Number of protein chains: 2
Amino acid sequence: MQNRLTIKDIARLSGVGKSTVSRVLNNESGVSERTRERIEAVMLQHGFSPSRSARAMRGQSDKVVAIIVTRLDSLSENLAVQTMLPAFYERGYDPIMIESQFSPALVEEHLGMLSRRNIDGVVLFGFTGITDAMLAPWQPTLVLLARDASGFASVCYDDEGAIQTLMQRLYDQGHRHISYLGVPHSDVTTGKRRHEAYLAFCKKRKINPVAALPGLAMKQGYDNVARVMNSDTTALLCATDTLAIGASKYLQEQRIDTVQLASVGNTPLMKFLHPEIITVDPGYAEAGSRAAQQLIEQINGHAEPRQIVIPARLA
Amino acid sequence: MQNRLTIKDIARLSGVGKSTVSRVLNNESGVSERTRERIEAVMLQHGFSPSRSARAMRGQSDKVVAIIVTRLDSLSENLAVQTMLPAFYERGYDPIMIESQFSPALVEEHLGMLSRRNIDGVVLFGFTGITDAMLAPWQPTLVLLARDASGFASVCYDDEGAIQTLMQRLYDQGHRHISYLGVPHSDVTTGKRRHEAYLAFCKKRKINPVAALPGLAMKQGYDNVARVMNSDTTALLCATDTLAIGASKYLQEQRIDTVQLASVGNTPLMKFLHPEIITVDPGYAEAGSRAAQQLIEQINGHAEPRQIVIPARLA
DNA sequence: CTGTTAGCGCATTCAC
DNA sequence: GTGAATGCGCTAACAG
C-alpha cells in the first residue's frame, strides 16, 4: 500500500527519463515504438499505476463524478444508475453517490461541497424545486436526468410517447373508459407532461378523462384509486409503476379484477408482482449509459450540453 | 472553477507565511490565537478550501472510500447505505459505489482497481464466494457487512436472535406447524445460520420442521411455497422479506389467507405491501452507520478491526 | 525522438 | 510563534 513505485522508478528501471514514461502513460505521440514497448513492459511487470492525486494536481481532472439520486431505493433511478456505474468505471471515473431525498436545500449543500472538492462533473436526477440558478455554476459539466432545462444537458424520457403508446394500446383493446392516476404538475415531466398527454389522447378519441394526481408514492396510488374509478371504468393508466403497484394492491383487496392496468416503467419488481399490467419501458437502462457518456464527453470538451430524449417502447 | 486560491494566497492576504496557514488548516498547536483568528477570517471570507489532491499527494489519505453493494436494488442494503452515506460525508469522506452483482470475480477486479487507485477503505456487503485471500490486502481498512470473517472487521445481523424472536412470537400465538422458506447454506448468515436457528427452535419446542432453501429471489419464494405447505401448516417463516413477498404473492393467488407469514427484514416495501406479516427489524439502519464509523476509526488508526453484531428487534 | 527543468498546492523539516 | 526551504509524483515547457 505504501511503497508504490513512481514514474521515476519506472524511468530508472527502463533506462529512460521521466518524461518519456509520462508520454507513454498519456499515449502521446513522439515516442519510438521500441522504447514505448519496453516501458510498457516494465510498467506491466511491476503493476505500476500513476498516482491519481499527483495527476490531479497537475491540472488534470481527478476523474471523480457525482451521481445525485433522489432516493437510493427509487426503482427507476436504480436501473439508470446500474448502467451508469460501469460506464464511468470503464472510462476511469469514480462515481460518488449522493441522496437528495427530494430536498433542493440538500442538493444545494452538496453541490457546494462538490465544487469545493473539485469534482469533475455531476449527474443529477431532477425533481421539483431544483432551480437553474443553483445548477448554473455546473452548467458545463452537468447532466440532468429525467428532467430538462434549457441550456443544460439532459437525458429525458419520452413522457408523451410513453403515455400515448399505452393509451393507444388500451384503446385498441377496446377500452373507452380509461382513468388516470398521476403526479401533480409541480413535477413537470412525470406530472404535467404525462397528464397532459393523457388529456390530449382523451380529447382526440372523445374519451371522458377521469384523473387524480396524488403524487409518487405507492400509498398515494393505493389511497386514490377509488377517486378515479366509477362503474364505467374498464382501464386505469398510472403515471409510474410505483403508483401502479399501490393501485394494484387496492384493487386486489377490493377483489376488483375487471380493470386493466397500465403504467409507465417496467421495473423488475413490477414485472414480478404484476406481469398482467401493460407497461412501457421508458428506457431507464439506456438513459443511464447515455447520461454517463454525455457527461464524460462534456468533461473532456468533446461535446456541448445537449438534450437527449430516450424513446419509450412497449415492454 | 479554475482560479481557486491556494494557501499561498491566503498567506499573502493575511500577511503571514504559508506554513502558518497550513498549521491553522490542520488545527496544529503553536499558532497564537490572534493570528489564527485572522487567518480563519480570511479563509472564511474567501471561501477557501485546500486542494484535496495536493493534500493527498503529501501522503495524507485522499479521503475516498468504496462501498461495494451486491445489488443497487437490494432493499436491505439500501437501508444500510442510506445511513452510511451521511456518516461518511460528515467526516469528509467521499463514498464511491460499486455493484458486485454477487460475482466474486467482479469484487476481485474492483478491489484491484481500488488499490491501484489508493482508496482509503472499503465497506463490502458480503456474499457467497468471497474468500479471505482476496480481502487480505485490505484487512486493516475493510469492514464486511452482513457477514463475518475472523480477523476482519464486520457488522453482522443477529440471525439467530431474529429467527428465534419470530418463532417465539408465532409459537406464542399458538402456531405449532411452522414452515420455513430460506436460503441455501452456501450463504452462511442468511442461509445457514437462520435455517439452523429455525431447526433449533423446532427441536426445542417439538415442532416438526418443514423447510425449503431455494434462494434469495422473490420468484424463488413464489415458486417454492407449495413445497413447504401441507394441510397442517398454519404459519410460514421466511428468511428474508424478499422471499416473503414472493411467498405472499403465491398465497394471495391461491386465495390462501389462513397462513400467518413472518419474515426477517421490515423494509418500506414490505410494510406497504404486507403490513400483516410479522417482521423483525435486523437493524439495517444502525448497521450502516456503525459500519461507516468503524471504517473511519480503522482508517485513522483509532480502532482495531472488530466484529459488531446489531441486535434484532420486533418491528 | 528523448532528457532536463520547473513548478502544481500542500505539509514538513529546520532555522530564526 | 513564525517563515523559508524542500519535496511528494506528475506534466509541460524547453533543450538537445
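Side chains included, hydrogens not; waters and symmetry mates left out as well; all remaining heavy atoms used. From a predicted model like this one, the values you see are computed outputs, not experimental measurements. Chain letters run A, B, ... following the sequence lines, proteins first and then strands; every chain starts at 1.
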Legend entry - Ion pair check, A:Arg117 and B:Asp94, cut-off under 4.0 Å: yes
Inset, instruction - Starting from C1' on C:dC8, measure out to CZ on B:Arg55 and report it in whole angstrom. - result: 16 Å
Inset, instruction - Run the salt-bridge test on A:Arg147 and A:Asp187 with the 4.0 Å N-O cut-off and return the result as yes or no. - result: yes
Legend entry - Polar side-chain contact B:Ser19-D:dA4 base: donor and acceptor under 3.5 Å: yes
Inset, instruction - May I ask you to check whether B:Arg4 and B:Ser49 show a side-chain donor-acceptor distance below 3.5 Å? - result: yes
Legend entry - Atom-pair distance (CG on B:Asn26; P on C:dG9), nearest Å: 17 Å
Inset, instruction - Scan B:Ser22 against the nucleic acid and name what it touches under 4.0 Å (heavy atoms): base, sugar-phosphate only, or nothing. - result: base
Legend entry - side-chain contact (heavy atoms from CB on, under 4.5 Å), paired with A:Val69, selected from A:Leu124, A:Val81, A:Leu145: A:Val81
Legend entry - Side-chain N,O (A:Ser32) to OP1/OP2 (C:dT2) below 4.0 Å: yes
Inset, instruction - Round to the nearest Å and state the distance from B:Asp62 atom CG to C:dC10 atom C1'. - result: 14 Å
Inset, instruction - Let me know the distance between CD1 of A:Ile39 and C1' of D:dC10, rounded to the nearest Å. - result: 15 Å
Inset, instruction - Between B:Glu28 and B:Met57, just flag the one whose closest nucleotide in DNA chain C comes earlier from the 5' side. - result: B:Met57
Legend entry - Interatomic distance where CG belongs to A:Asn27 and C1' belongs to D:dC10 [whole Å]: 16 Å
Inset, instruction - Using only heavy-atom distances, decide whether a donor-acceptor pair under 3.5 angstrom links the side-chain of B:Arg23 to the base of D:dG3. - result: yes
Inset, instruction - Starting from C1' on D:dG7, measure out to NZ on B:Lys18 and report it in whole angstrom. - result: 11 Å
Inset, instruction - Decide yes or no, distance alone: a donor-acceptor N/O pair under 3.5 angstrom between the base of C:dG9 and the side-chain of A:Arg58. - result: no
Inset, instruction - Answer with base, sugar-phosphate or nothing: what part of the nucleic acid does B:Val21 contact at a heavy-atom distance below 4.0 Å? - result: nothing
Inset, instruction - Take atom CZ of A:Arg12 and atom C1' of D:dC10, then tell me their distance rounded to the nearest Å. - result: 16 Å
Legend entry - side chain to side chain donor-acceptor pair (under 3.5 Å) between A:Arg71 and A:Asn78, intermediate numbers included: CA-CA 9 Å; A:Arg71 301 207 34 170; A:Asn78 266 339; over 6 Å; no
Legend entry - D:dC8 phosphate, OP1 or OP2, under 4.0 Å from A:Ser51 side-chain N/O: no
Inset, instruction - Quick one: label B:Ser53 by what it contacts on the DNA or RNA (base, sugar-phosphate, nothing), any heavy atom closer than 4.0 Å. - result: nothing
Inset, instruction - Using atom CD1 of B:Ile7 as one end and atom P of D:dA5 as the other, report the distance to the nearest whole Å. - result: 15 Å
Inset, instruction - Using a heavy-atom cut-off of under 4.0 Å over every strand shown, decide if A:Glu33 touches base, sugar-phosphate, or nothing. - result: nothing
